[in-house]
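Small disclaimer: the values here were computed from a predicted structure and weren't measured.
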Amino acid sequence: MFIACLLIAAFAAAADQLIKLVVVEKIAMYQTIELVPNILSLTQIRNTGAAWSIMEGQTWFLIALPVLIVALALAYIFLNRKEKKLPLFSLALVMGGGIGNLIDRIKLGEVVDYIKLDFIDFPIFNFADMCVVVGAILFCVCLAVFDESKKVDRNKESENSDDKVTDTKAQAHELNDGGNSQDENDGRAEV
């Protein structure tokens, strides 16, 4: 699964870079191309910050942070490569998106954004951003769901071990009391 996750991350980063290449070549800066009227359009802008342009101009931090996140995601995927696949897949998406935007920051000092939702006042974003957000949300949901299922499994194991202890105690009690009870019963029957 580790290799598959690396391939997914590489595909996401490559797709992001390819889309950005086409956007830069075909759409002039700030030009808007309406795809779905009043819903979705493409507008090329550059962003030197993170989401909503926060931390604008903090290029070194915005390079260091994704490097750290990608390293942590790689470690998690490697250490859990034999576990459930969905959380690993979600981290591969996060890695791919992070690498896609990281390439822009290193190469251009800014990120190319182009997807604009016209029906809501929302920042313009790109494919890499979608990979990061979808992957992060999916990973959190996986952790919550799989953690709950582990709790249920642990509770069942605990109940089963309690039942085994109770059964063992009852059997031991029967063995200890069984002989005495029989003698008493035998004694009563003779009287």
Side-chain angles (χ1 to χ4, degrees), residues 1-77 84-146:
M1 187 62 191
F2 183 70
I3 300 297
C5 287
L6 292 179
L7 291 173
I8 291 166
F11 177 79
D16 174 67
Q17 288 298 298
L18 183 62
I19 294 167
K20 287 174 180 173
L21 181 67
V22 171
V23 166
V24 168
E25 286 184 8
K26 302 290 182 187
I27 302 173
M29 189 71 79
Y30 305 111
Q31 176 188 359
T32 298
I33 298 175
E34 197 170 51
L35 297 177
V36 180
N38 299 317
I39 295 177
L40 180 67
S41 61
L42 299 178
T43 302
Q44 185 195 164
I45 65 163
R46 302 297 172 95
N47 184 358
T48 60
W52 287 275
S53 296
I54 59 171
M55 293 191 270
E56 221 169 350
Q58 303 293 321
T59 305
W60 288 110
F61 177 76
L62 294 172
I63 287 174
L65 184 62
V67 167
L68 176 65
I69 291 170
V70 167
L72 291 172
L74 270 172
Y76 184 91
I77 291 169
K84 299 210 181 285
K85 291 176 175 64
L86 194 55
L88 306 181
F89 168 77
S90 65
L91 283 180
L93 283 178
V94 171
M95 283 182 9
I99 291 168
N101 281 339
L102 186 61
I103 291 169
D104 279 7
R105 287 192 196 288
I106 292 170
K107 189 170 74 172
L108 306 170
E110 57 193 5
V111 173
V112 175
D113 286 333
Y114 50 86
I115 300 171
K116 183 177 182 205
L117 300 176
D118 298 322
F119 62 92
I120 189 171
D121 184 22
F122 196 77
I124 297 172
F125 55 97
N126 60 43
F127 179 74
D129 297 335
M130 292 187 333
C131 289
V132 169
V133 170
V134 168
I137 290 170
L138 189 58
F139 183 71
C140 291
V141 168
C142 287
L143 287 183
V145 169
F146 294 143

Return the minimal non-hydrogen interatomic distance between [X] and [Y], and the atom names on each side.
X     : Y     : value
Ile99 : Val70 : CG1-CG2, 4.0 Å
Ala12 : Gly96 : CB-CA, 3.9 Å
Ala92 : Ile77 : N-CD1, 4.1 Å

Approximate separation, where rounding is to 0.5 Å, of [X] [atom1] and [Y] [atom2]:
X      : Y      : atom1 : atom2 : answer
Leu108 : Thr59  : CG    : OG1   : 11.0 Å
Arg105 : Gln58  : CZ    : CD    : 11.0 Å
Thr48  : Glu110 : OG1   : CD    : 7.0 Å
Ile115 : Gln44  : CD1   : CD    : 13.0 Å
Asp113 : Thr43  : CG    : OG1   : 11.0 Å
Trp60  : Leu65  : CH2   : CG    : 14.5 Å

Could you tell me whether the side chain of [Y] reaches within less than 4.5 Å of the side chain of [X], counting heavy atoms only?
X      : Y      : result
Lys20  : Ile103 : no
Leu72  : Leu91  : no
Asn126 : Ile19  : no
Leu42  : Gln31  : no
Leu93  : Phe139 : no
Val112 : Arg46  : yes
Ile39  : Leu117 : no
Ile33  : Lys26  : no

For [Y], does its backbone N or O pair with a side-chain atom of [X] as donor and acceptor, under 3.5 Å?
X      : Y      : answer
Gln17  : Gly100 : yes
Asp16  : Ala128 : yes
Tyr114 : Phe127 : yes
Asn47  : Ala50  : yes

**Message:** Does atom CZ (Phe122) have a neighbourhood of more than 12 heavy atoms from anything else shown, all under 6.0 Å?
**Reply:** yes
**Message:** Does Val94 form a side chain to side chain contact (heavy atoms under 4.5 Å, CB included) with Leu138? I'd like the steps, not just the answer.
**Reply:** CA-CA 10 Å; Val94 171; Leu138 189 58; over 6 Å; no
**Prompt:** Would Phe119 and Leu40 count as a side chain to side chain contact (heavy atoms under 4.5 Å, CB included) if you check the C-alpha gap in whole Å, the side-chain angles of each, and the deciding distance to 0.1 Å?
**Reply:** CA-CA 8 Å; Phe119 62 92; Leu40 180 67; over 6 Å; no
